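The model shown is predicted, which means the values in this text are computed figures rather than measured ones. Quick note on labels: first sequence line is chain A, next is B, and so on, each numbered from 1. Values below: every heavy atom of this structure, side chains too, minus hydrogens, waters and symmetry copies.
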Amino acid sequence: MDKVYNHKDVEERIYSEWEKKGYFKPEINPKGKPYCVILPPPNANGALHFGHAMFTIEDILIRYHRMRGFSALWLPGTDHAGIETQFVFEKKLKAEGKSRLDFDRDTLYKMIREYVDEHRGGIESQLKRLGFSLDWSREKYTLDPGIVRLVYKTFKKMHDEGLVYRGYRLVNYCTFDGTSFSDLEVVNTEAEGLLYYIKFPIKTGGYITIATTRPETMVGDVAVMVNPKDKRYKEFVGKTAILPMVDREIPVIGDEYVDMKFGTGAVKVTPSHDFNDFEIAKRHNLNFPPIIGMDGKMQNAGVLDGLYVKQARLKTLEILREKNLLEKEEKHKMVLRTCYKCKNVLEPLPLEQWFVKVDGLRKKAIDVIKKGKIKAYPKNFENQYFQWLENLEDWNISRQIVWGIRIPAWKCSHCHRDKNEWIVTDGSKPEKCPNCGSKKLEQDTDTFDTWFSSAQWPFATLTPLTMGFHEDVVPQVLKGKTKTYRLRDYGFKAGDKVLFENTQSQKLFGYGVIKQVEETTVEKIDYKDKTHFKTYESLGELIVAFKLRNPDKIVTPQSKAYLYTYESHPLKELENFPNDYKKFYPTDVMETGYDILKAWVSRMVMVGLYITGDVPFKHILLHGLVNDPYGKKMSKSKGNVINPLELVDKYGADSVRFALVYGNATGNDQSLSFPKLEAARKFTNKLWNMARFIDMKRKDVILNEVKDLDSSSVSRRTQNDILRVVQNKKDKEMIEETQKLAEEVTQDLEKYNFNFAAEKLYEFAWHTFADKYIEDVKNRIDENSFLVLSFLFLVQLKLLHPFMPFVTEEIYQRFNFGKSIMIDTWPAFA
RNA sequence: GGACCCGUGGCUCAGUUGGUAGAGCGUCUCGUUUACACCGAGAAGGUCAAAGGUUCGAGUCCUUUCGGGUCCACCA
């Protein structure tokens, strides 16, 4: 053994060995109780950051449970990250002097897909560098056809059950990025603005002065509003005011909403461009004239038409000054709603969008936590969860971007154009309008909010793939037919295990393993064959026949088709089918940064409960953020971002992992600490040298006869076996202390007190075991004390393995003739 | 406006149901060079932000104040 532990010689080799041997698969413990953690999917296009490095906690849990004999699954996946990714791509386009507007929808989508595909895989290899024992064979992607189909299904179910509706509402719209955002994506920034006092003449004489921060929207005003209790304005309520800019007559109305103490106690009402005014206008039955377009320019606004909002404001003020209607302006602190991507001010614009009714969903989501069906750690985060859900407004799930899952809703351009009636399907284009039979159907151009698909992640990733067959085909499959043409790309790859579903009855009738998938083209379309599925199945030449009246709308002789080769099994053997959903759902822990508790965790609970009827996970475990060494949040704009991989290179994955866990209470933020990393690295070296010492003594004392060095348990029995032969008092004490350590570490892990466990292990290994015991045993070593020494050391390695997988594995194998520590058993006690 | 987190030795932070203050780094003294100088033995250093309360006893529970940070919220 070298004098110094060098992680670079070890980590990559060990990781690929683990992977090759299939140690990351739950099947390694086929009879164990299921234990499952789903990895929060990183952006497929992104790079590793400290949020990901904190997933060390998940690896600790998984490795611990795997060693305890659980059938442990840690399932990886990546997210297409709609807006994020499209934004990055548009920046790239901009650098090339192009814009998204230069391309049609399909081309743009294809370009982004190719761009992402190029970069995919990067994040996976980076996660591997950290030693994460993820089952890569089960890796998922939010745009996998199987996942997408489930998302469609969810949307359709919500639509059919009235949970999804199309609403004409004000949305937070970024006129620069060209999309709307949910409330959660809005960044409120404080700004020093001006409050303008503007006189509105009253038709019958006198005037009311209103205070506003947005004079330019005046042309869209429909009323002047005061508090009905306000004595100053009581006489005006019900009278008519003249809108200064355009000399339109508008009513003066009374509404308790108005704060008498603010400004002048009188406000203007602009329903189409202010969230409050929108609600007020509904209450008072007023109109909603929109005067700002999607491009951020004024429209239907007379002289202001074509101006950007900022220009329009100046123009308006100019006109008001001319008319002597601008009384004064004063400084005013206000909160601007800005775009979290481009930082520009968001415009409230009236748009038709898809919304999810959250009322019923959130009640259940609150309930499961209140009743303890889901527990949060640390518990104080439950308050945040409740507070957010209790105040939740309906969820806007449409985004006006192309990168994402396109909403499976169609509109008939023949009969329904103005009626706002949508045909929602499970993904396939409807044949015809159910009302008029027209085939002129247009799909909604919007895509789903990324969180809408990721809200389904826990069950979507576990749900088996299904391949649909028509009823007629079922008997053939059961008779052992092994090939089928499909017109739809199911996204299967060789090795995928697939359930066969009867598309009419929706019932499963068999399962199979995909052997091969070949892309081909339709050769011939046969309209005559009414029992078309026989033809459909025929091999050799691909002939497709249809019952549809006008199949050429969908399939042409050049259309793509897919030949699936599989091996099939009948339904009665279905128990053998590895159904992850059945086995692992609900998952055990959802571990993630507390910053996405609301955006993601609460939505997973809502949607998970809705679709599966069960909670998506039993525990929510939240970790804090990793700040820079000076305690400041890492951000690209500040330029203080540190790439965890650099640290892995320098200190080794074990050290990075250990440093992130050691001395950090669960859920608390921490600052990156180089001294801590250094200390962790020294610790790996200490372990290495302890091993070196024992290795040398082995040669001295035991003469290489240590084959039965079984450390698989510190159970009472084993302990007694050793105690029987052990005479030395110090040896006996050490056995008891190690026993106690194993017990405490186990309990700390059960309680998610990772820092306690790490601290105890560090303290014990270094300052008790090495400094005291080894020093003591050094000069009196004999066969018995050597047995105790090496045995107890290996117990500590096991306890440390979830935290520092590489160094523990490397040492362990040297003592156990290549036997892996990660699939060995956890030290038992009691 | 509401909620949450943090304020413990020079620095970064632990402190698990309240029971005489801990670690790493740094500093100082001494030692060892066949497990490890990425080492060992030892030392100095804290009125636990402040005040009040509960208690036999509070860093730990309660109240208030001050300082740092985060999240949420439609006051024009």
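Taking only side-chain atoms of A:Asn668, from C-beta outward, the nucleotide of B:C39, B:A35, B:C6 with the closest atom is B:C6. Which of B:C36, B:G40, B:A14 sits closest to the side chain of A:Ala665 comes down to B:A14. Set against B:U12, B:G15, B:G40, the side chain of A:Lys686 has B:G40 as its closest nucleotide. Across B:G40, B:C38, B:A35, the shortest atom-to-atom separation from the side chain of A:Asp771 is found for B:G40.
For the pair A:Lys740 and A:Glu744, the salt-bridge criterion is met [side-chain N within less than 4.0 Å of a carboxylate O]. Taking 4.0 Å as the cut-off between side-chain N and carboxylate O, A:Asp394 and A:Arg169 count as a salt-bridged pair. One finds a salt bridge joining A:Asp748 and A:Lys760 here, because a Lys/Arg side-chain nitrogen approaches an Asp/Glu carboxylate oxygen to under 4.0 Å.
Within the 4.0 Å cut-off from OP1 or OP2 of B:A76, not a single side-chain nitrogen or oxygen of A:Arg214 is found. An OP1 or OP2 oxygen of B:A35 is reached within less than 4.0 angstrom by a side-chain nitrogen or oxygen of A:Lys778. Distances shown here put a side-chain N or O of A:Trp766 below 4.0 Å from the OP1 or OP2 atom of B:G40. Proximity of A:Arg692 to the phosphate of B:C36: a side-chain N or O atom is located under 4.0 Å from OP1 or OP2.
The interatomic distance linking A:Trp688 (CH2) with B:C36 (P) rounds to 14 Å, in whole Å.
With hydrogens and angles ignored, no donor-acceptor pair under 3.5 angstrom links the side chain of A:Lys3 to the base of B:C36. Side-chain to base pairing of A:Glu775 with B:A35: one donor and one acceptor N or O lie within less than 3.5 Å of each other.
B:U8 and B:A51 have their P atoms separated by 15 Å, given to the nearest Å.
A:Phe658 and A:Phe803 have perpendicular rings, their planes meeting at more than 60° on a 0 to 90° scale where under 30° would count as parallel.
For RNA chain B, the residues of residues 258-275 of chain A within the heavy-atom distance limit of 4.0 Å (strictly under) are A:Val258, A:Asp259, A:Phe262, A:Val267, sorted by number.
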Subject >> Annotated protein contacts, base or backbone, on nucleotides 20-29 of chain B with a non-hydrogen cut-off under 4.0 Å, one of B, S, - each >> reply: ---SS-----

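Taking A:Lys632 as the reference, nothing meets the salt bridge (charged side-chain N to carboxylate O under 4.0 Å, His left out) condition, with sequence neighbours excluded.
At a threshold of 4.0 angstrom between heavy atoms, the contacts of A:Leu195 with the nucleic acid are absent.
When only modelled atom types and interatomic distance are considered, A:Tyr377 and A:Asn753 share no side-chain donor-acceptor pair under 3.5 Å.
At least one donor-acceptor pair closer than 3.5 Å links the side chain of A:Glu11 to the backbone N or O of A:Ala653.
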